[in-house]
Amino acid sequence: MPAPILRLALPSPLRRLFDYLAPVGVPLAALQPGVRLRVPFGNRQLVGVLIELSEHSEVPAERLKPALELLDREPLLPPALFRLCLWTAQYYQHSLGDTLSWALPVLLRQGEPAQARQERFWHAATSASPDDPRLTRAPRQREALRTLAQHPHGVAQALLDTLQLNRESLKLLHDKGLATLEIRHHAPAARRGPWLAQPELPLNPEQSAAYQAIRAGLGSFKAFLLAGVTGSGKTEVYLQLIHQVLQQGRQVLVLIPEINLGPQTLSRFERRFNARIALLHSAVSDRDRLDAWLAAREGEADIVIGTRSALFTPLKNPGLIILDEEHDASYKQQEGLRYHARDLALVRARQENLPILLGSATPSLESLYNAHAGRYALLKLTQRAGGAQPPRFLRLDVRSRPLDSGISPPLQQAITSTLEAGQQVLVFLNRRGFAPSLLCHDCGWLSQCPRCDARMTLHQRSNELRCHHCGHAERPPRNCPACNSADLRPVGVGTERAEERLNTLFPDYPVLRVDRDSTARKGAMERLFETINRGQPCLLIGTQMLAKGHHFPRVTLVAVLDADGGLFSADFRASERMAQLIVQVAGRAGRADEPGKVIIQSHLADHPLLVQLTEQGYFAFAEQALAERRSAGLPPFSHLALLRADAHRPGDAESFLDQACSLAEQLSAELVLQGVELLGPVPAPMERRAGRHRAQLLLQSSARAPLHRLLASLLPQLEGMPGSRSVRWSLDVDPIDLF
Ligand code: ADP
Ligand code: ZN
Ligand code: ZN
């Protein structure tokens, strides 16, 4: 019988498996699909996952190489997760090897053993005594043994220095048999006692109805959309459902957007439950991530909380998936494997026969559409918990009004009276920096990024012009580079400029800025919230970071400085995003005794979408926006895939996409596919970015199946196309951003 061929998924963009021979001396029985192997690849070594064994290979026998090493004794991925990865690779038309790389913790990708951290503990040997004659001339060892003896449970290696234990002395004691070294697996402490560490709040009737409906759905696949206004107590509903699932002896996976990872969110879970909580997000170290992943897989974590990629955490005994703020764009990965964690969470729930709960105050149009179509059960919470009033909206037409750093006179008055009443004000402006560009008043020169088709933003605090698209930064010129005039003026308003102006206008009140620049330092956010929570009148100015996850009960006035961007953008999702931001930021304000007021400045104050949103609320807006999408044939009423390409030389990306387009047309005809439209290729909306020329080809289809059949035959052929090497290209299935 010929030696079996191992077919491996390797971390490579190529959409195929790679063939190897078994490592020398490894028995066939050890080669189960799902184990990792280290293999030679060119002049490098890679870690791959065994997908299948085969008797034949296309590769000539003399060129087949043996794998170097078997890394796992058991398959790394439980079957359920393996299935999810296969589905993901296929749906997003991405290489399986690279998909597995995105799904696995970094250390596992690099070949680290799939074992929880081990800790070394030093003990005094049972029979050891400091009076041992061998220690008479060794005072340091005697001392060390005394210290060890004071710790009957052993001393962790990491604590030796703290306890002033000398490593050399311990080693000598060990050689004499007077000290022992124990290797302990770092396992989370066994859990005991009741699940609740804190009593549950009595649910109001709406919460209770939602809770009962979902509770009745535990045990099998069902999707729920919990649409609850901000502060309506969605989290309380999550917590009480989690309690139910824990009592059934099952695990819960909670996904949250990156930006919500404030200590506020996490501590709510920690305070409520006496449970083992595993955290998986970008701030967690690689080692801790691996431990959390393993604990979840072994059933040693009861609740797994994480951002996007935590979706790929194996669970021994899953009972429920919760995805909070389901509309949040951070669930979509924008590089490499361009997956949407919400969409995959639904696939996972179906595959593992679990209920899934999507929650948001401002559900995405996709999810609302799915709810209307009966695919999700829609549950609404219309009242704020604890009796807080919904905020009142006011559209402020700023046409032909003087704007002072973006602030109109009526807004300034409203701010004054709020502060004088001892309350706080939140000013929202989704643009960082001082001004979005620098302009020469004499010749019209603009601070263009040398590498992108974009303006550079003036950052006054750090005294630089910075491109927010490629990161390029330079000192602002003193004189115009074109005409040498000294009359250079910042145009437009960013948070820095608004902050400066507010400081001048309201010198008696603190102005706190919250954006990516101001909160870059560790703990900056916490210090800010401390000030805010003290409750003194103050002004908060910031970007969308302010719109998420925090409650500011002392804020009674929210000002949206500029709502125009969302109303006339080329991106068909811009109005949806703007509406979500406005509603989310408005939801931060107000409480029972002080209802909030929201002032929205716009040059398009009568825009139907804005009117709908402010007068009838988010759901009325969403209906209108969905009707517009339907008549325009846009998602969710059609399906998109975007093929992007970029290259150093102008024209290369477009000619690659031209070839791709002809190929797609040809394949469509061969496969007799109906209804897939090819739009483009066209230059990308930002044609040059970071020095590369970009183009795109949009594939649009009223039905998903033909689009995916086309992609499945198109992609492998694109890989082999002659032009495919001189350009960088990628496919984005269900893109949320067409740039
Ligand atoms: P959401 O997640 O919808 O924004 P939260 O769960 O954070 O809402 O609830 C908002 C506030 O209302 C919190 O302070 C919470 O403790 C409180 N709350 C939630 N449910 C209740 C309830 N049933 N009774 C009293 N207060 C509640
Ligand atoms: Zn000039
Ligand atoms: Zn740039």
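Position 1 is the first residue of the sequence; numbering continues from there. Just follow the structure's listing: the first ligand is 1, and inside any ligand the first atom is 1.
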**Asked** Any idea which of Pro202, Ser208, Gly233 brings a heavy atom closest to atom 24 (N) of ligand 1?
**Response**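 Considering heavy atoms of Pro202, Ser208, Gly233, the nearest to atom 24 (N) of ligand 1 sits in Pro202.
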
**Request:** Name the option, out of Glu325, Arg384, Lys234, that contains the heavy atom nearest to atom 1 (P) of ligand 1.
**Result:**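 Nearest option to atom 1 (P) of ligand 1, by heavy atoms: Lys234.
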
**Request:** Go through the steps for Glu474 and Glu464 under the test side chain to side chain contact (heavy atoms under 4.5 Å, CB included), then give the verdict.
**Result:** CA-CA 5 Å; Glu474 54 188 63; Glu464 46 184 13; over 6 Å; no

**Request:** Mind checking whether Gln207 contacts ligand 1 via backbone (N, CA, C, O), side chain (CB onward), both or neither, at a 4.0 Å heavy-atom cut-off?
**Result:**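 The answer is the side chain of Gln207.
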
Can you measure from [atom1] ([X]) to [atom2] ([Y]) and round to the nearest 0.5 angstrom?
X	Y	atom1	atom2	answer
Ser232	Arg384	OG	CZ	9.0 Å
Gln207	Asn204	CD	CG	4.0 Å
Ile305	Thr313	CD1	OG1	11.5 Å
Thr362	Asp328	OG1	CG	9.0 Å

**Request:** Grab the two heavy atoms, one from Cys470 and one from Cys467, that are nearest each other, plus how far apart they are.
**Result:**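 For Cys470 versus Cys467, the nearest heavy atoms are N-SG, 3.4 Å.
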
**Message:** Please give me the minimum heavy-atom distance between Tyr369 and Arg375, naming the atom from each residue.
**Reply:**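 What the structure gives for the nearest pair is CE2-NH2, 3.7 Å.
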
**Asked** So is there a nitrogen or oxygen of Thr230 less than 3.5 Å from a nitrogen or oxygen in ligand 1?
**Response**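 No, there is no polar N/O contact under 3.5 Å.
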
**Message:** Set out, in order, the CA-CA distance, both residues' side-chain angles and the distance that settles side chain to side chain donor-acceptor pair (under 3.5 Å) for Ser485 and Asp487, then state yes or no.
**Reply:** CA-CA 5 Å; Ser485 152; Asp487 194 359; 5.5 Å; no

Where is the nearest protein heavy atom to [atom]: which residue, which atom, and how far?
atom	value
atom 4 (O) of ligand 1	Gly231 N, 3.0 Å
atom 7 (O) of ligand 1	Arg268 NH1, 2.7 Å
atom 17 (C) of ligand 1	Ala385 CB, 4.2 Å
atom 2 (O) of ligand 1	Thr235 OG1, 2.6 Å
atom 25 (C) of ligand 1	Leu201 CD1, 4.1 Å

Would you say [X] has an N, O or S atom lying under 2.8 Å from the Zn ion (ligand 3)?
X	result
Cys452	yes
His469	no
His468	no

**Prompt:** Do you see a protein non-hydrogen atom under 4.0 Å from atom 14 (O) of ligand 1?
**Reply:**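 Within 4.0 Å: no protein heavy atom nearby.
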
**Asked** Taking the Zn ion (ligand 3) as the vertex, what is the angle from SG of Cys467 to SG of Cys470, given to 10 degrees?
**Response**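 Nearest ten degrees: 110°.
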
**Item:** Greater than 12 external heavy atoms within 6.0 Å of Arg392's CZ
**Value:**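 Not more than 12 within 6.0 Å, no.
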
**Prompt:** Do NZ/NE/NH1/NH2 and the carboxylate oxygens of Arg577 and Asp571 come within less than 4.0 Å?
**Reply:**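 Answer for the salt bridge query: yes.
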
**Message:** Check this for me, if you would: do Arg272 and Glu236 make a salt bridge, where the nitrogen-to-carboxylate-oxygen distance has to be below 4.0 angstrom?
**Reply:**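 Salt bridge flag = yes for Glu236 with Arg272.
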
**Request:** Output the list of atoms in ligand 1 that are nearer than 4.0 Å to some heavy atom of Leu203, sorted by atom number.
**Result:**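 Counting from 1, the qualifying ligand atoms are 23 (N).
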
**Message:** For a distance under 2.8 Å, give residue and atom name for each protein N, O or S atom next to the Zn ion (ligand 2).
**Reply:**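 Listed by chain and number: Cys440 SG, Cys443 SG, Cys480 SG, Cys483 SG.
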
**Asked** Cut-off 3.5 Å, side chains only: do Gln696 and Arg644 have a donor facing an acceptor?
**Response**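 There is no such pair between these side chains.
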
**Item:** Ser447 side chain reached by Leu458 side chain, heavy atoms, under 4.5 Å
**Value:**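 Not in contact.
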
